[in-house]
Structures are given as structure tokens and as C-alpha cells.
Amino acid sequence: MIPVKRLCLSAILLVAAAMPAYAHVGIGTTSSAMAGFTHPLSGLDHMTAMLAVGLWAALKGGKAIWVWPAAFVGVMLGGAALGMAYVPLPFVEPGILASVVALGLLVALAVDLPVSAGVAIIGLFALLHGHAHGTDVPENAGGLEYMAGFAVATVLLHAVGIAVGLGLGMRSRGVARITGAACAAIGIGLAFGVV
């Protein structure tokens with residue numbers, strides 16, 4: 001079992017080491033599994049939102065621990081398919097920034113919603129994240145390798161959030177909530193261009 005302090009420190013270092021996302025609308029290489037895998041690790045918006053999903057799922061507990069991350073990944077892949085098919089969605093980039101703030105606040109406030117309501121919220125944000133990445137896939141690439149890599153990295157980020165949330169346990173819910181507040185603050189900083 002990994003000590004909680006080491007796990008929390010690792011998660012914090014992972015978030016702190018992130019660089020701004022250069023992944024939306026045609027920036028970067030998006031035709032390989034490795035490019036897809038590294039993409040969520042290259043932007044603070046993606047890392048923060050995905051870690052927050054895991055934290056929120058851990059705070060909720062029960063079947064939310066696997067249903068919410070699975071819903072995110074499934075809907076994200078559907079959104080990517082829409083993006084690859086050039087189906088337009090409004091407010092994708094602002095919605096991605098809003099997802100960081102909203103998911104952070106859901107964790108910070110320890111909002112306890114029914115699992116189905118959480119799926120709806122997470123699904124909306126996942127659709128936007130996925131669409132942004134689907135529009136990045138060049139026409140001469142199928143994008144399947146890229147999306148497989150992106151899905152695996154997303155699952156791993158959710159798992160880190162869940163591990164941190166479960167590692168903190170019920171005694172330290174305050175630390176998880178503070179982490180959620182930090183996620184929301186990062187989202188606000190990204191929205192105003194100060195992060």
C-alpha cells in the first residue's frame with residue numbers, strides 16, 4: 001500500500017508539472033497512441049478536470065467510484081467522434097474551462113448528488129473535452145490510436161484522483177475539499193489567463 005503522504009505528494013507534483021494545453025483545434029501531433037496518451041498530461045485544464053472527477057467519485061463512494069469515470073471516458077470518446085466528423089458544438093473551449101471550475105467546486109463543497117445526476121454533469125463536460133480532441137485529429141489519420149491513448153491516460157488520471165480521495169479517507173475529507181478548491185482556483189486562473 002502506498003503511503004497517503006507519498007500519494008498526495010505525487011498527485012500534487014503531477015499537477016504542478018503540467019504545461020498549458022496546446023491541444024485544441026489543430027495544435028500538435030495527434031495521430032499516435034503515445035500522442036494521445038501524453039495529451040492529457042500536457043495541459044493543466046485536462047489534468048485538473050480529470051483528477052477532480054476521480055476525487056468527486058471517491059467522495060461520493062459506492063458505485064460512483066467506477067460509474068462516473070466510466071461515463072466520462074465513454075462520453076468523451078463519443079464527443080471525439082463528433083469532433084472527428086466535424087459536427088459543431090457550441091462553447092467547447094469555455095465549457096472546458098467551466099468544467100475545471102465546476103468539478104473543483106463540486107469536490108470543494110462535497111456536493112452529494114445521485115449517481116445519475118453526477119453522470120449527467122460529468123457527461124456534459126466529457127462531451128466538450130472529447131469534442132476538442134476529436135477536432136484535432138488530422139483528416140489523413142483515423143484517430144483511433146490517438147483516442148485509445150487519450151482514454152488510457154484519462155483513466156489513469158481518474159484513478160489518481162480516486163486513490164487520493166480514498167487514501168485521505170473520511171477523516172481527511174477536508175484535504176480533499178481543499179484540493180477541490182485548488183482545482184476551481186486553477187480553472188478561474190486559466191479562464192482569466194493568469195495560470
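These figures come from a predicted structure and were not determined experimentally.
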Could you list the donor-acceptor pairs under 3.5 angstrom formed between side-chain atoms of residues 180-195 and any protein atom two or more places apart in sequence or on another chain?
none

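- In the hydrophobic clustering of ILVMFWY residues, with side-chain heavy atoms under 4.5 Å counting as a link, Val101 and Ile178 come out apart.
- Put simply, CG on Leu103 and CD1 on Ile121 are 8.5 Å apart, with the number rounded to the nearest 0.5 Å.
- The backbone N or O of Gly54 lies less than 3.5 Å from no partner atom in the side chain of Trp68, so there is not a single donor-acceptor pair.
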Using residues 147-164 as the side-chain source, report each donor-acceptor pair under 3.5 Å to any protein atom, sequence neighbours left out, with the distance given to one decimal.
from	atom 1	to	atom 2	distance (Å)
Thr154	OG1	Phe150	O	2.8
His158	ND1	Met50	O	2.9

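- Taking the six-membered ring where the residue is Trp, Phe72 and His129 present tilted rings, their angle falling between 30° and 60°.
- Shown here for Leu59 and Ala176, the closest heavy-atom pair between the two residues is CD2-CB, 4.1 Å.
- Of all heavy-atom pairs spanning Ala52 and Val107, the tightest one is O-CG2, 3.5 Å.
- Checked by atom type and distance alone, the side chain of Thr48 never pairs as donor or acceptor with a backbone atom of Asp45 at under 3.5 Å.
- The two atoms that bring Trp56 and Val111 nearest to each other are NE1-O, 2.9 Å, heavy atoms only.
- Here OG of Ser99 is found 11.5 Å from CG of Leu127. Values are rounded to the nearest 0.5 Å.
- Atom CG of Leu128 sits about 10.0 Å away from atom NE2 of His133, to the nearest 0.5 Å.
- Here the CD atom belonging to Glu93 is positioned 10.5 Å from the NE2 atom belonging to His131, to the nearest 0.5 angstrom.
- For the side-chain contact (heavy atoms from CB on, under 4.5 Å) criterion with Lys60, the lone passing option out of Val67, Leu113, Asp112 is Asp112.
- Neither Met47 nor Leu105 shares a network with the other; the hydrophobic side chains, linked directly or stepwise wherever heavy atoms of I, L, V, M, F, W or Y lie under 4.5 Å apart, form separate groups for each.
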* Evaluate the side chain to side chain contact (heavy atoms under 4.5 Å, CB included) criterion for residues Ile65 and Leu166: first the C-alpha distance (whole Å), next the side-chain angles of each, then the deciding distance (0.1 Å), finally the verdict. => CA-CA 10 Å; Ile65 290 175; Leu166 294 178; 4.1 Å; yes
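- Pairing each heavy atom of Gly123 with each of Val75, the nearest pair is O-CG1, 3.1 Å.
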